[in-house]
Amino acid sequence: MIPYGRQSLDQADIDAVVAVLQSDWLTQGPTIERFEQAMAARCQADFAVAVCNATAALHIACLAAGLGPGDRLWTTPNTFLASANCGRYCGAEVDFVDIDPLTWNLDAVVLAAKLEQAERDGTLPKVLVAVAFSGQSCDMRRIAELAERYNFTVIEDASHAVGASYAGRPVGCGEFAAMTVFSFHPVKIITSAEGGMVLTNRPHLAERLQRLRSHGMTRDAQQMTEPSHGPWYYQQIELGFNYRITDLQAALGLSQLDKLDEFIARRRELAARYDRLLAYLPVTLPSPQHEAESAWHLYVIRLQTERISLSHRQVFEGLRAAGIGVNLHYIPVHLQPYYRDLGFAEGDFPEAERYYAQAISLPLYPLLSDEQQDHVVEQLRRLTEE
Ligand SMILES: *Cc1c(COP(=O)(O)O)cnc(C)c1O
């Protein structure tokens, strides 16, 4: 089976992890800070805080933004569950903004209209999680203008977009988002097995994120409520978690970072090749988002179902039967039973629902060969021409 995504590991990655295994520090050691500093430098950000996964990163980013009970978090329905769940962890209400029918990203025009209404109703959000779906940022310039005007915090969920850029600068640089979150899960662009990171330029947010990652503890005398009792002393000044990453994982992430440009170049090449090979099939191809250069985590097509005799499900199952591990990103989050129980229903976000009825994620990862890609295209041609 050709998977839809997978990691690319080499001997340098293995050696980097083994070196940590042979060192004094399996966790809370120097490799974590090296990984953070390398990511911050690469993304032109001042601070980077590494954690055990992007879900934890989203949780503490929301807390650092001050999100709590009685507040609202908005995000796109076309995302992984974690982009919405982070709001629920904080006791906030979650709502969604429908997607742009072309880029499949949160639609900034719909957002503007929804904010106008929310201002009248007194239901403005405190946090917007702007997901860089498939690796390309939303209309971040417009979103940042709206954040200024309506006073909410933008967290860019760039789990798909490590190595992407927007408006000529790296995603994570903090020009249009207060905090940016990355995931290093093996299907994403670079991996640390499990791992996540928050980038920010704001010192007070970085300090808060570091504290929340580790039990709400501090060893910094400046943050303490009374003089230190001695060299052993620490204080817990708020409720935090153990969301730490290990040095083993950080070593893998750091080693993978060396290959980021290479990975993205191959992903772009494969995406451009899909564009050419699929141009005459009854499918809609990804559209570029203005100003965004995608990292190409996913290559998603939409079946033009009215021009195809098989159903969406039959084409999907046909591809799986032909050994192609296609996937579907994403089931609209508001239609999950957990969110239906909170009051959402079919028809609430029609663009995301129409998209869901047509979308298929084709295999895309650096080690996918041209021959494997040709096989994917051939099978898709067969099934859509049947
Ligand atoms: C993968 C993913 C996450 C969660 O990442 P983990 O590191 O697995 O916790 C969050 N948001 C989006 C959009 C993702 O794709």
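Ligands are counted one by one from 1 in listed order, and the atoms in each one are counted from 1 as well. Numbers here are sequence positions counted from 1.
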Hey, are Thr284 and Gln304 close enough side-chain-wise for a donor-acceptor pair under 3.5 Å? yes

Quick check: Thr79 and ligand 1, any N/O pair under 3.5 Å apart? no

When Thr218 is tested against each of Gln235, Arg211, Gln210, Gln223 for side chain to side chain donor-acceptor pair (under 3.5 Å), which residue passes? Gln223

For ligand 1, note which part of Asn53 has a heavy atom under 4.0 Å away: side chain, backbone, both or neither. both

Quick look: Phe182 vs ligand 1, heavy-atom contacts under 4.0 Å, and the answer is neither

Is it the case that the side chain of Thr246 and the backbone of Thr27 share a donor-acceptor pair, with hydrogens and angles ignored and the cut-off at 3.5 Å? no

Return the closest protein heavy atom for atom 15 (O) of ligand 1 as residue, atom name and distance. His160 NE2, 2.7 Å

Which is closest to atom 3 (C) of ligand 1 in terms of heavy atoms, Ser134, Cys86, Ser159? Ser159

Any Ser83 heavy atom less than 4.0 Å from ligand 1: yes

Asp157 to ligand 1: N or O pair under 3.5 Å? yes

Using heavy atoms and a 4.0 Å limit, tell me yes or no: is Lys188 in contact with ligand 1? yes

Does some side-chain heavy atom of Tyr243 sit less than 4.5 Å from a side-chain heavy atom of Leu212? no

Nearest non-hydrogen protein atom to atom 4 (C) of ligand 1, with distance, is Thr55 OG1, 3.7 Å

Would you say Glu194 and ligand 1 have an N/O pair spaced under 3.5 Å apart? no

Mark up the atoms of ligand 1 that fall under 4.0 Å of a heavy atom belonging to Gly195, in ascending order. 7 (O)

Taking the six-membered ring for Trp and the single ring otherwise, decide whether the centroids of Phe241 and His59 are under 6.0 Å apart. yes

Looking at Arg42 and Asp258, is any side-chain nitrogen of the basic one under 4.0 Å from a carboxylate oxygen of the acidic one? no

Would you compute the distance between atom CZ of Arg34 and atom CE of Met39 and round it to the nearest 0.5 angstrom? 15.0 Å

May I have the list of side-chain donor-acceptor pairs in residues 343-352 shorter than 3.5 Å, sequence neighbours left out?
{"from": "Glu346", "atom 1": "OE1", "to": "Arg340", "atom 2": "NH2", "distance (Å)": "3.2"}
{"from": "Asp348", "atom 1": "OD2", "to": "Ala345", "atom 2": "N", "distance (Å)": "2.7"}
{"from": "Glu351", "atom 1": "OE2", "to": "Arg354", "atom 2": "NH2", "distance (Å)": "3.1"}

At under 4.0 Å between heavy atoms, is it the side chain or the backbone of Ala54 that contacts ligand 1, or both, or neither? both

Give the atoms of ligand 1, by number and element, whose distance to some non-hydrogen atom of Tyr330 is under 4.0 Å. 15 (O)

The reported gap from CG in Leu303 to CG in Leu281 (rounded to nearest 0.5 angstrom) is 10.0 Å

